[in-house]
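The basis for the numbers below is simple: all heavy atoms, side chains too, and nothing from hydrogens, waters or symmetry mates.
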There are 2 protein chains.
Amino acid sequence: MTKGVAFRRKTMRDIAREARVSTATVSRVLNGSVPVNPETRKRVEQVVRKHHFVFDSLAGGLATRRSRLIGLIIPTLINSIYAAFAQASQAAAQSQRYTVLLGVSEFSPKQEERLIEQFIAHRVEALILTGADRPARTYQQMRRNQVPFIITWKSTGREDLPSVSFDNRLAAGQAMRFLFERGHRRIGLICGRTEVNDRARERREAYESMLKEHGLSLNPGLVHECDFEFEAGRRAMQKMLSRRAPPTAIFCANDIQAIGALTQCRAAGVRVPEEVSIIGFDDLPISTFVEPQLTTVNVPAAEMGRLAAESVIRHLATGAPLDSIILPTTLVIRSSAGALRSEAK
Amino acid sequence: MTKGVAFRRKTMRDIAREARVSTATVSRVLNGSVPVNPETRKRVEQVVRKHHFVFDSLAGGLATRRSRLIGLIIPTLINSIYAAFAQASQAAAQSQRYTVLLGVSEFSPKQEERLIEQFIAHRVEALILTGADRPARTYQQMRRNQVPFIITWKSTGREDLPSVSFDNRLAAGQAMRFLFERGHRRIGLICGRTEVNDRARERREAYESMLKEHGLSLNPGLVHECDFEFEAGRRAMQKMLSRRAPPTAIFCANDIQAIGALTQCRAAGVRVPEEVSIIGFDDLPISTFVEPQLTTVNVPAAEMGRLAAESVIRHLATGAPLDSIILPTTLVIRSSAGALRSEAK
DNA sequence: CAGCTCCATGTAAGCGCTTACATCAGAATC
DNA sequence: GATTCTGATGTAAGCGCTTACATGGAGCTG
């Protein structure tokens, strides 16, 4: 592996020497910005190819103050809805010759802050973030360093916090409305941990305010916050079912937990949707491959990822302001939720 | 956003001036390598904090020829087994102060090659790759640029292609052996596209050679290659079931397709495992949340991701050779596969 | 007290690019 | 033929770090 002499990659200087031009000309050929005599160009290109010259983005970035790097920070990849989002972002960035730095915060603001600082040190040109919930210090850090950022998965409604998202409240409302319209009143909620997840918080708020709207009081025993794991959803459902008056419907603020809940019903011999309706959130591909098929709220994860990257790149290229986008969500009615049966209440 | 004057981040020079030391001393304080007088150190640290100085990795990398960047290239994030792998890699890199460049190749060697070149331009210190199937040119490109790489998800058995993986053949063999031991002889295979996926190829080879070992001839109608989608698995199963003599067992080379297959059985009223046994591969979290629970081969995705990153970083730090690791896999017996019933044959 | 060590710090030359500015040959103008 | 213009190219000063080497003062030694 190690040669006798220290290894040195070819530099533009080497290319320049061999092509008998200056490094400036090599740079011009490579960037194709300024016109270069076709003969010279050809000569340079030949030498570049001959030596498999690879441009040094570190040096280039240092000189131009443009790294062609974008930072993407998500809370987890385990929930495949974020994976779909990340993949779409990466693809969009890639297609514009940007490279993605990936950070997984694991729902920890500390961890996220560390990632952001690290990414800024690497001179990312922009950041794509999940949710808006972070200390003011973190926002200052980005502003101070003039790093544009865009928030995803949560619509901020604030000029100074541009976002590409859907409306979590509205989306959760679609699910809850469905249940109310079908006659359900004793409705449980299973959702993510609201103290570290503002998307879950908004969905929970929608749940609570819809209850209030219908003159129902909040029953804390009907609300379970837990991790994004099938097993957590299952356990939450188990607790709900063991109540003297179990809910007739459950709104799960994500499909992972919904599938956990569904599984528990099956294990407990509780029929879905006859005895209890379950409604999910995300519309994961798996949701049509469980029994019964999951009624859920479709969220445009991939589109959001793509748009976030495109929008931030457009901003970098044109200086156009980063404005917020709100994408629609749709309730996908399948079989896991239905009308309240008389015998259930 | 835009100030009157062009924005300039604080540089080490600014810090040096204000702390009345040279940039060399600032650098020494920041890196903590060379001893610095405690008073001087404190003074510098104060100024650093006061101005929220952020180190410039581009400049630092240019000077040291070490970017603290690692490239991670996977075929997809949609199959959550790769997501788990990627997340573990990222976490391990993060914990050693490395940053991950993420590339998703979508099973395209062209795309992968582009990513690799781009990553080399960004001066990644190492690459973590999926599978060993790529043109010699791509390997040359990495070697020419002295970028160490490690192959994952496939054990190469070659010194010059270090890998952190499990043995796909062995693992697939575990599944097949289980079926043989339970009396199955007409066994179908559903797997990924072997022309773009050498992991799938190895699993298919194991399937074929186990058939041969048992004196069985390969029936092409019993083999389906398709994408990593539930729906693709479902369709493949549909075709199998519509045969005049459907297989009594199916080996699915990944859980996604296995779950698709399972779903199709349910839809077609074919009981699993009574009428047909289904065995998966990956042991995704979802596999215990489907009905019946999936018998599958557990692969150490997260551990592999972590080890790949750690091993490559150790190599960078110590120069220790990158040697290959083979991790064990285990067959997890649940309910979707069972003994051949007499009436089935 | 000359000579030596040792430690903390400074000096300055890069790292591999970009780009403002200078240069220069040839074409065009008068 | 002198002047001006134009287009292609070169020159060289950075970009913000690191680090080999130089420096200089303090503390020892004999």
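Listed by chain and number, the residues in a side chain to side chain contact (heavy atoms under 4.5 Å, CB included) with B:Leu62 are A:Asp56, A:Ala59, A:Leu62 (sequence neighbours excluded).
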Heteroatom pairs (N/O) under 3.5 angstrom, protein to nucleotides 4-9 of chain D:
residue : atom : partner : partner atom : Å
D:dT9   : OP1  : A:Thr40 : OG1          : 2.4
D:dT9   : OP2  : A:Asn37 : N            : 2.8

Please write out the pairs of protein N or O atoms and N or O atoms of nucleotides 12-15 of chain D separated by less than 3.5 Å, giving the distance to one decimal.
none

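If you take NE2 of B:His122 and C1' of C:dG16, they are 15 Å apart, rounded to a whole angstrom. Note: CZ (A:Arg68) to C1' (C:dT18) measures 15 Å, nearest angstrom. When rounded to the nearest whole Å, the span between CZ of B:Arg9 and P of D:dG16 equals 9 Å. The nearest whole Å value for the distance from the CD atom in B:Glu39 to the P atom in C:dC7 is 19 Å. Whole-Å rounding puts the B:Leu30 CG to D:dC17 P distance at 8 Å. Across the protein-nucleic acid pair, A:Arg123 atom CZ and D:dC17 atom C1' stand 11 Å apart, rounded to whole Å. Between B:Arg17 atom CZ and D:dG16 atom P the separation is 12 Å, expressed in whole Å. Nucleotide C:dG16 holds its P atom 11 Å from the CE atom of A:Met12, rounded to whole Å.
The aromatic rings of A:Phe228 and A:Tyr82 sit tilted relative to each other, their planes meeting at an angle between 30° and 60°.
Here the CG-CD distance, from B:Leu115 to A:Gln94, works out to 4.5 Å after rounding to the nearest 0.5 Å.
Contact check on A:Arg306 versus A:Glu310 returns a salt bridge, with a Lys/Arg side-chain nitrogen under 4.0 Å from an Asp/Glu carboxylate oxygen.
A:His51 and A:Glu18 share a donor-acceptor pair across their side chains, judged by distance under 3.5 Å alone. Side-chain polar atoms of B:Arg144 and B:Gln141 form a donor-acceptor pair below 3.5 angstrom. For the residue pair A:Gln111 / A:Ser105, no side-chain donor-acceptor distance below 3.5 Å is found, with atom types taken as modelled.
Taking the six-membered ring where the residue is Trp, the centroids of A:Phe149 and A:Phe119 are separated by 6.0 Å or more.
OP1 and OP2 of D:dC17 both lie 4.0 Å or more from every side-chain N or O belonging to B:Ser27.
A side-chain contact (heavy atoms from CB on, under 4.5 Å) with A:Ile325 is found for one member of A:Ile150, A:Val164, A:Thr152 and no other, namely A:Val164.
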